[in-house]
Amino acid sequence: MRRKLVAGNWKMHGLRAQLPEIEAIAAAAAVTPAVDVALCVPFTLIHPAAQVAGSLPIGAQDLHEADQGAHTGCISAPMLVEEGATLTIVGHSERRGDQHETSHDAYMKAAAAHRHGLGVILCCGELEAERAAGRAERIVQSQIEKSLPDDADPSWLTLAYEPRWAIGTGKTPTPDEIASMHAILRAKLRMMIGEAKADGIRILYGGSVTGANAAQILALDNVDGALVGGASLTAEKFVPILRGAASVS
């Protein structure tokens with residue numbers, strides 16, 4: 001049985017003044033043993049967060065595919081490991097949209113992360129216009145085809161489905177729409193890497209997840225957790241999501 005994973009993505013938020021929130025989230029995670037919890041924070045917070053988080057995994061939000069080189073402003077996997085990160089997000093829709101990253105970029109970044117022992121949350125998701133045009137399934141399947149690492153394995157890889165139109169908007173797909181897309185992703189994984197590995201990989205849902213809707217979403221078939229944005233910035237908003245996950249675990 002796949003354990004639920006609730007991962008927070010702080011995006012471009014968080015100064016050292018917010019470290020008490022990380023401590024509070026870590027304390028809540030420690031008393032919610034049925035659910036795996038992680039926080040992906042800005043690079044500047046990885047080391048201090050790891051110092052106060054105890055057993056709560058601290059991750060990054062992105063990395064460069066190269067280990068070193070003339071890549072001004074970029075961060076490599078060895079740098080993340082040295083700072084205390086144990087995982088990273090790749091292919092997030094905001095990187096795809098704002099920085100024009102491709103699925104091949106996500107593929108290369110996932111490989112780099114795994115090469116240095118980092119867990120990977122690999123994101124996929126469609127635009128609202130793509131869904132309206134009936135292309136959502138095709139878009140998401142194509143993203144997985146082009147970004148799934150060759151040696152994908154549940155021991156280090158997690159998928160996250162995030163409809164890009166639901167991120168930070170308060171909009172969410174219907175339960176049937178979420179379950180349908182997650183079933184499509186599971187089937188795609190089975191085609192690409194075989195049933196045994198595919199059925200071990202967790203598929204998270206991301207996009208306006210809150211304490212009020214977490215239990216309903218996480219109870220759906222093939223929804224193995226959540227990738228949470230704004231609601232992960234405070235224990236007050238994040239802990240109810242953990243409780244929702246625990247209620248269906």
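Side-chain N or O atoms of N213 include one that pairs as donor or acceptor with a backbone N or O of S208 at under 3.5 Å. Looking only at distances, a side-chain donor or acceptor of S247 sits under 3.5 Å from a matching main-chain atom of G244. The backbone N or O of C123 sits less than 3.5 Å from a side-chain atom of R96, completing a donor-acceptor pair. A side-chain donor-acceptor contact under 3.5 Å links R2 to the backbone of D199.
By the neighbour-count criterion of 12 heavy atoms within 6.0 Å, atom CD of Q51 is densely surrounded, having more than that number from other residues, nucleotides or ligands. Atom CD of E177 has more than 12 heavy atoms from other residues, nucleotides or ligands within 6.0 Å. Residue-environment remark: CE (M192) exceeds the threshold of 12 foreign heavy atoms within 6.0 Å.
There is a side-chain donor-acceptor pair under 3.5 Å between H116 and D67. With hydrogens and angles left out, the side-chain atoms of D176 and T174 include no donor and acceptor closer than 3.5 Å.
A heavy-atom distance below 4.5 Å is found between the side chains of L204 and T158. Two residues are said to be in side-chain contact when any heavy atoms from C-beta on lie closer than 4.5 Å; Q61 and C40 meet this criterion. Annotation: side chain of H182 is not in contact with side chain of D221 (no heavy-atom distance under 4.5 Å).
In this structure, E130 does not pair ionically with R164, as no charged nitrogen and carboxylate oxygen lie closer than 4.0 Å.
Checking N9, I46, I58 one by one against L39, the side chain to side chain contact (heavy atoms under 4.5 Å, CB included) holds for a single residue, I58.
Through direct or indirect side-chain contacts shorter than 4.5 Å among Ile, Leu, Val, Met, Phe, Trp and Tyr, M108 is connected to Y107.
Evaluation of the side-chain hydrogen bond (donor to acceptor under 3.5 Å, both in side chains) rule for E145 yields K188 as partners, not counting sequence neighbours. Among residues two or more places apart in sequence or in another chain, the salt bridge (charged side-chain N to carboxylate O under 4.0 Å, His left out) test is passed with K4 by none. Applying the side-chain hydrogen bond (donor to acceptor under 3.5 Å, both in side chains) test to T234 and every residue at least two apart in sequence or in another chain returns nothing.
In terms of hydrophobic clustering, with Ile, Leu, Val, Met, Phe, Trp and Tyr side chains grouped at heavy-atom distances under 4.5 Å, L122 and I75 are assigned to a common cluster. At a threshold of 4.5 Å between side-chain heavy atoms, the hydrophobic network of Ile, Leu, Val, Met, Phe, Trp and Tyr places I201 and V140 in one connected group. Using a 4.5 Å cut-off between side-chain heavy atoms of Ile, Leu, Val, Met, Phe, Trp and Tyr, with links allowed through other members, L5 and W10 fall into different hydrophobic clusters.
Residue pairs meeting the side-chain hydrogen bond (donor to acceptor under 3.5 Å, both in side chains) criterion with at least one member in residues 24-47, sequence neighbours excluded, are R3-D36, D36-R202.
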Under 3.5 Å donor-acceptor pairs involving side-chain atoms of residues 12-21, not counting sequence neighbours:
| from | atom 1 | to | atom 2 | distance (Å) |
| --- | --- | --- | --- | --- |
| Q18 | OE1 | L15 | N | 2.8 |
| E21 | OE1 | A235 | N | 2.9 |

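Taking both residues in full, the closest heavy atoms of G206 and P163 are given as O-CD, 3.4 Å, listed atom of the first, atom of the second, then distance.
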